[in-house]
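In this text the structure is predicted, and so the values were computed from the model without any measurement. We name chains A, B, ... by the order of the sequence lines, and we start the count at 1 in each one. Heavy-atom basis, side chains included; hydrogens, waters and symmetry copies ignored.
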Number of protein chains: 4
Amino acid sequence: MNNVVLIGRLTRDPEVRYTSETQMAVARFSVAIDRPVRSGGEKQTDFPNVVVFGKQAENCERFLRKGRLVGIQGRIQTGRYTNKNGDTVYTTEVVANNVEFLDWGDRNERSERPAAQSSQKEDMGIPDGFQAIEDEDIPF
Amino acid sequence: MNNVVLIGRLTRDPEVRYTSETQMAVARFSVAIDRPVRSGGEKQTDFPNVVVFGKQAENCERFLRKGRLVGIQGRIQTGRYTNKNGDTVYTTEVVANNVEFLDWGDRNERSERPAAQSSQKEDMGIPDGFQAIEDEDIPF
Amino acid sequence: MNNVVLIGRLTRDPEVRYTSETQMAVARFSVAIDRPVRSGGEKQTDFPNVVVFGKQAENCERFLRKGRLVGIQGRIQTGRYTNKNGDTVYTTEVVANNVEFLDWGDRNERSERPAAQSSQKEDMGIPDGFQAIEDEDIPF
Amino acid sequence: MNNVVLIGRLTRDPEVRYTSETQMAVARFSVAIDRPVRSGGEKQTDFPNVVVFGKQAENCERFLRKGRLVGIQGRIQTGRYTNKNGDTVYTTEVVANNVEFLDWGDRNERSERPAAQSSQKEDMGIPDGFQAIEDEDIPF
DNA sequence: TTTT
DNA sequence: TTTT
């Protein structure tokens, strides 16, 4: 069992690359999640990193921008690599199974597309406030 | 372990009553959550019932209306009672530990309060997109 | 977003039926989950109902018995039907995506199979403490 | 919303220190969680780090050992620090709200205590398969 | 590297 | 630094 649910705002636009063999999209971003404020305490925020694969990653590239609110269901994945100094770096990120777009704002849209509208969302088969996962999208 | 996370829209205004001894608020509502649409399938929706206690219930009464989008973290609670026909009715509901208001819309507001605005939210100590839980609110 | 995680013990042996057309297995059971005990309070327990489909349901039939400890990841599903008195009954159950067997005990085994052992588990391709979900098992 | 549920086995004994001012216990460990095995794929495992505070940390020190199975409910916390080379290191860990001991094994027990038994668990006020969180334990 |  |  390894189950994560997050609701937070993108700290920057998603970064998307494509795998060389299958040209599968891989989107990465981090989300800001404010911790519950203790009385008399100051605001604190966590910034978990998120990875999304496949068609969902393509939708992230099209629709998500810095500041957008998203709901994420996924799992924690750990890894490691050796950096240029030769020491081991440990990584922890959230692999998303499902990304829901929780505000369809009209600001911060990329220039190559018009603002999201109800009709457009339906054209794309994207129900309001929900984004289905397709089996063929899951590469792991 | 008994952990539930929901994101959905209120199917009606919250119903709020107060316990007789301590005058603690108890808010009840249900949320609509669309299931992921299977290709070729038709839309289906679940309607789990939600209960909230204490100060959070008071905030639900003030700020939540039918159609609002909320994020809920809580647990499943089961119970039973005997109805007027004398047969046992089994109940299942989600007891919320945390309710987050995910859209601060300007429609459907109750008449006795003005539309939520940034400054007002800060007046109330309610951070945008998050609603802290206070220890003294938890009655269970 | 509709995400549930439970850890609890089966209140009875799973009930399994098979759909008429595709002969897909459908397993049903409920689990007992003790609530955190409040100091000075008495023990209270929730009994959510769980449904499992496909190959996972078959594994539940083979390996799960009353009293076994399971971890469940799934979602809340609501429904309704009309009973023989003609009144509408509302239902809430947890549809499991993943069922993990958390104790491989040697008691309460069905007579038609020997006690679970390490070698047998490996024969069945079931890793210890984890039960993979196969895509073809998911009927919704 | 920031919600994590894990079930996994300790990769080593918990490390416990006490804060200097309040002498609050802080336990740290990581858990091994096998990923669902893809057909034809090889086993892969994640190793998220976990932190526990207060009385629950003390219980971890007493009862948990390398190899034990635990259920954890908590949240993702990120941070950073500067290492001796002067570069920034980013950290991600799971802050546990609740730790459940899922196997009360008789091996790997520390010498200063006998094997856990039903009566002893009740003596300690620890219900079987569940470990309550006390309000005064939560330091954040 | 941090969002409203 | 990795568990059964």
- Message: I'd like to know if D:K43 reaches the base of F:dT4 with its side chain such that a donor and an acceptor end up less than 3.5 angstrom apart.
- Response: yes
- With respect to the side chain of D:N49, which nucleotide from E:dT3, F:dT1, E:dT1 is positioned closest? F:dT1
- Query: Reckon D:R28 touches a base, only the sugar-phosphate, or nothing at all at heavy-atom distances under 4.0 Å?
  - Reply: nothing
- Note on the structure: Whole-Å distance, D:N2 CG to E:dT3 P, equals 18 Å
- Task: In whole angstrom, give the distance that lies between atom CG of D:L6 and atom P of F:dT3.
- Result: 17 Å
- Task: May I ask you to check whether A:N97 and A:Q73 show a side-chain donor-acceptor distance below 3.5 Å?
- Result: yes
- Task: Between F:dT2, E:dT4, F:dT3, spot the one nearest the side chain of D:S30, thanks.
- Result: F:dT2
- Atom pair distance, as rounded to whole Å: CD in B:E100 and C1' in E:dT3: 14 Å
- Query: Is there a side-chain polar atom (N or O) of D:R65 under 4.0 Å from OP1 or OP2 of F:dT3?
  - Reply: no
- Item | Rounded distance in Å - CZ (A:F47) to P (E:dT1) | 12 Å
- Task: Whole angstrom is fine here: how far is it from CZ in D:F29 over to P in F:dT4?
- Result: 15 Å
- Query: Among all residues two or more places apart in sequence or in another chain, which pass the side chain to side chain contact (heavy atoms under 4.5 Å, CB included) test with D:T11?
  - Reply: D:S30, D:A32, D:F47
- Task: Report the distance from atom CG of D:L10 to atom P of F:dT3, rounded to the nearest whole Å.
- Result: 11 Å
- Query: Looking only at heavy atoms, what is the nearest atom pair of A:L102 and A:G71, with distance?
  - Reply: CD1-N, 3.5 Å
- Would you say D:N2's side chain and D:I76's backbone share a donor-acceptor pair under 3.5 angstrom? yes
- Item | side chain to side chain contact (heavy atoms under 4.5 Å, CB included) against D:T82, all qualifying residues, sequence neighbours excluded | none
- Measure from CZ on A:R12 to C1' on E:dT3 and round the result to the nearest Å. 11 Å
- Salt bridge between A:D87 and A:R80, side-chain N to carboxylate O under 4.0 Å? no
- D:T45 (side chain) and F:dT2 (base): donor-acceptor pair under 3.5 Å: no
- Query: In residues 86-94 of chain A, what residues come within less than 4.0 Å of DNA chain F, judged by heavy atoms?
  - Reply: A:Y90
- Using a strict cut-off of less than 4.0 Å between a Lys/Arg side-chain nitrogen and an Asp/Glu carboxylate oxygen, indicate whether A:D34 and A:R9 qualify as a salt bridge. no
- Query: Can you check the D:F101 CZ to F:dT4 C1' distance for me, whole Å?
  - Reply: 18 Å
- Message: With a cut-off of less than 4.0 Å, is there a side-chain N or O of D:R68 near OP1 or OP2 of F:dT4?
- Response: no
